[in-house]
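Below, chains carry the letters A, B, ... as their sequence lines are ordered, and counting in each starts from 1.
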Amino acid sequence: MAGRTLYEKLWDDHVVRDNEDGTSLLYIDRQLVHEVTSPQAFEGLRLAGRQPWRTDANLAVADHNVPTTDRRGGIADPVSRLQVDTLDDNCRTYGITEFGMNDPRQGIVHVIGPEQGATLPGMTIVCGDSHTSTQGAMGAMAFGIGTSEVEHALATQTLVQQKSKTMLISVDGEPGPGVTAKDIILHIIGTIGTAGGTGYAIEYGGSAVRNLSMEGRMTICNMSIEAGARCGMIAVDDTTIDYIANRPFAPTGEQWEQAVAYWKTLHSDPDAAFDRVVHIDAATIQPQVSWGTSPEMVVPIHGSVPNPFKETDEARRTAYARALEYMGLEPETPMTDIWLDKIFIGSCTNARISDLREAARVVEGRRIADNIKLAMVVPGSGLVKKQAEDEGLDRVFKEAGFEWREAGCSMCLGMNPDQLSPGERCASTSNRNFEGRQGQGGRTHLVSPAMAAAAAVAGHFVDVREF
Amino acid sequence: MEPFRQHKGIVAPLERANVDTDAIIPKQFLKSIKRTGFGDNLFDEMRYLDHGEPGQDCSQRPKNPDFVLNREPYCNATVLLAGRNFGCGSSREHAPWALKDFGFRVLIAPSFADIFYNNCFKNGLLPVVLPEETVERLFRAVEAEPGYQLAVDLPAQTVTTPSGEVLAFDIDGFRKHMLEQGLDEIGLTLQHADAIRAYEERRRREAPWLFRA
């Protein structure tokens, strides 16, 4: 028998039945639930008189709407408050475990899943959120779904799925100093494009990926959706298993041994065939900065804003011109000449402890530039925040002029009060630079935590390697 | 779900690639706990000149006169013609809810983002993939003739132009069947409840750690 890819192994292990039309009913091991995409799903259950199939497979947390400032007074915006209260009510009604807004374990859903050991290798993991792909870093099949599928997974513990094509992105070699997981994934998206992964499940491999920590791997898998792929994954190795050991929801004792034996089979076989293979030489990757309104509009720090008039493809010329107009940038401006108003270090892409450490190393003993109106650090979870405080990182940030906030999605999408005002320009460690994403008229540049920290100090983009 | 078989309607052109779901329905409207009422805020940032917030009376807001859906006859369009990778970004099902609520029944583009494409079928909205050159040609035809209509036949898998040209499209059998019949997918899956229970029983033996409370 021909070897199987990791995706195919995960798929085969979760097929409940193959339907006649070529789809399959796949079993879902873990559903993560948040306040924005779940209320209509619970309402659907209620209207149909259905119960969740397996409450213990679900874990809920409010992250999108929660304020990142003092929470003792609750949520000021009544519309946001109702949404979070609705999640609390639904979890109480159906007996689903929820980390409430003031629980120290609260945080961004994709940060707390792995942090708690609630998402494990070999699992199928879904959430009504496209960045669920983050958790494929565990050696799992993790993908975002819409609210109808949230309801379907709640009611049946399954989803009807069509098998994806498979793509291997192999990043080999040694990345240079100052080049992080964020730069690797931005470079990948710049290479294959935002629709390059559409219809594929991506597996990331190669020595540069294997040498990453679990947190770096999560950053890579997180942005699979920005490359068009619903899920991205990385084979299980000792790094994965060491990360999971002793986490609250992880198996223990005899079950731990049994699980580890299974997890060690979760890699693509040497003779497995992928539908597409992309090779990337890690040594060629530079620290990246996005210049436009799509994550594929990205250049190395020493690059310049492109000139749309030099583009031969008409669709691309139009898109570039529109992006430059929205971003308020002139063609051929060096990236290092772009001045900033705000700095956001956070999001499910880059708000884990190693991200905060990287940023803190850059700002330690320095001050943010006078032109920076607001620089904020929003840890990915209450536990990340606590860990950072135990290490004194909060002090480093505060002394440099950063605001130190409570955990949540925050300015990645600005559903809470953390937003850009029209025309404001932000260096952001998040994942999307779409028009209006961080606030109507706001201008987002995607970068790594270290690059965001360096930009905060300089007031404009700089090469963190020369900093 | 509302079944979909045939539909004929006015085509609105939105000639842009990579229209993301943040653009289709901005974040502030995602705070609703309902499935309905998103139509007035469809493409909010492109459609209005002021900043939109939930609960506004949108008929009183200043409209962007240049935006296609604010102009006759496109304000009555039920078919949206768009550029490639339509619906990329966030998984929010509020995007198809908003398109449907506005009155769209059919979306035509050279390609759609995966999650968005899937979400459309759960809501009686038909996304049709046509080759880039064909979509380009349709854009020119719509431009030349405001009020241009297309007829879409799901069982036949065709789009027919006013001149009688028939364009065939692909769609997978399961999605086609569900949409044609307007079926309750959860109800169908629950017909296989025994298979799900049998799977769980086997899995509980093989991988008991997946079933820890």
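For the pair B:Glu93 (side chain) and A:Ser148 (backbone), a donor-acceptor distance under 3.5 Å is present. A distance-only check finds no donor-acceptor pair linking the side chain of B:Gln28 to the backbone of A:Asn416 [under 3.5 Å].
Contact annotation for B:Asp172: only side-chain heavy atoms (C-beta onward) come within less than 4.5 Å of a heavy atom of chain A. Contacts of A:Glu296 with chain B are made by side-chain atoms alone, with heavy-atom separations under 4.5 Å and no backbone atom involved. Proximity to chain A is absent for every atom of B:His177, based on heavy atoms less than 4.5 angstrom apart. Within the 4.5 angstrom heavy-atom criterion, no atom of B:Pro26 approaches chain A. Proximity to chain B involves both the backbone and the side chain of A:Gln440, based on heavy atoms less than 4.5 angstrom apart. Neither the backbone nor the side chain of A:Ser164 comes within contact range of chain B, judged by heavy atoms closer than 4.5 Å. Residue B:Ala195 touches chain A through both its backbone and its side chain, counting heavy-atom pairs closer than 4.5 Å. Neither the backbone nor the side chain of B:Glu15 comes within less than 4.5 Å of any heavy atom of chain A. Heavy-atom distances place both the backbone and the side chain of A:Ala155 under 4.5 Å from chain B. If you measure heavy-atom distances from B:Ala198 to chain A, you find no contacts under 4.5 Å at all. Within the 4.5 angstrom heavy-atom criterion, no atom of B:Tyr117 approaches chain A. The parts of A:His14 that come within reach of chain B are both its backbone and its side chain, each placing non-hydrogen atoms under 4.5 angstrom from that chain.
The heavy-atom pair separating A:Gly122 from B:Arg203 by the smallest distance is O-NH2, 4.2 Å.
Among A:Ala57, A:Pro422, A:Pro251, the residue with the largest count of heavy-atom pairs under 4.5 Å with chain B is A:Pro251. Of the residues considered (A:Val84, A:Asn65, A:Ile145), A:Ile145 shows the highest number of contacts with chain B, using heavy-atom pairs under 4.5 Å.
Residues B:Phe211 and A:Gln255 form no side-chain contact, since every pair of their non-hydrogen atoms from C-beta on lies 4.5 Å or further apart.
Ion pair A:Arg50/B:Asp184 flagged as a salt bridge, since at least one NZ, NE, NH1 or NH2 atom sits closer than 4.0 Å to an Asp/Glu carboxylate oxygen. A salt bridge links B:Arg16 with A:Glu435: at least one charged nitrogen is closer than 4.0 Å to a carboxylate oxygen. Salt bridge annotation for B:Glu45-A:Arg437: absent, with no cationic side-chain nitrogen under 4.0 angstrom from a carboxylate oxygen. Using a cutoff of 4.0 Å between basic side-chain nitrogens and carboxylate oxygens, B:Asp114 and A:Arg230 are not scored as salt-bridged.
Side-chain atoms of B:Asn118 and A:Glu149 include a donor-acceptor pair closer than 3.5 Å. Between the side chains of A:Glu254 and B:Trp209, no donor N or O sits under 3.5 Å from an acceptor N or O.
Contacts between residues 36-43 of chain A and chain B, defined by a heavy-atom separation under 4.5 Å, are made by A:Val36, A:Thr37, A:Pro39, A:Gln40.
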Stepwise salt bridge (Lys or Arg N to Asp or Glu O under 4.0 Å) check, A:Asp77 with B:Lys31: CA-CA 10 Å; A:Asp77 173 4; B:Lys31 296 177 188 178; 2.8 Å; yes

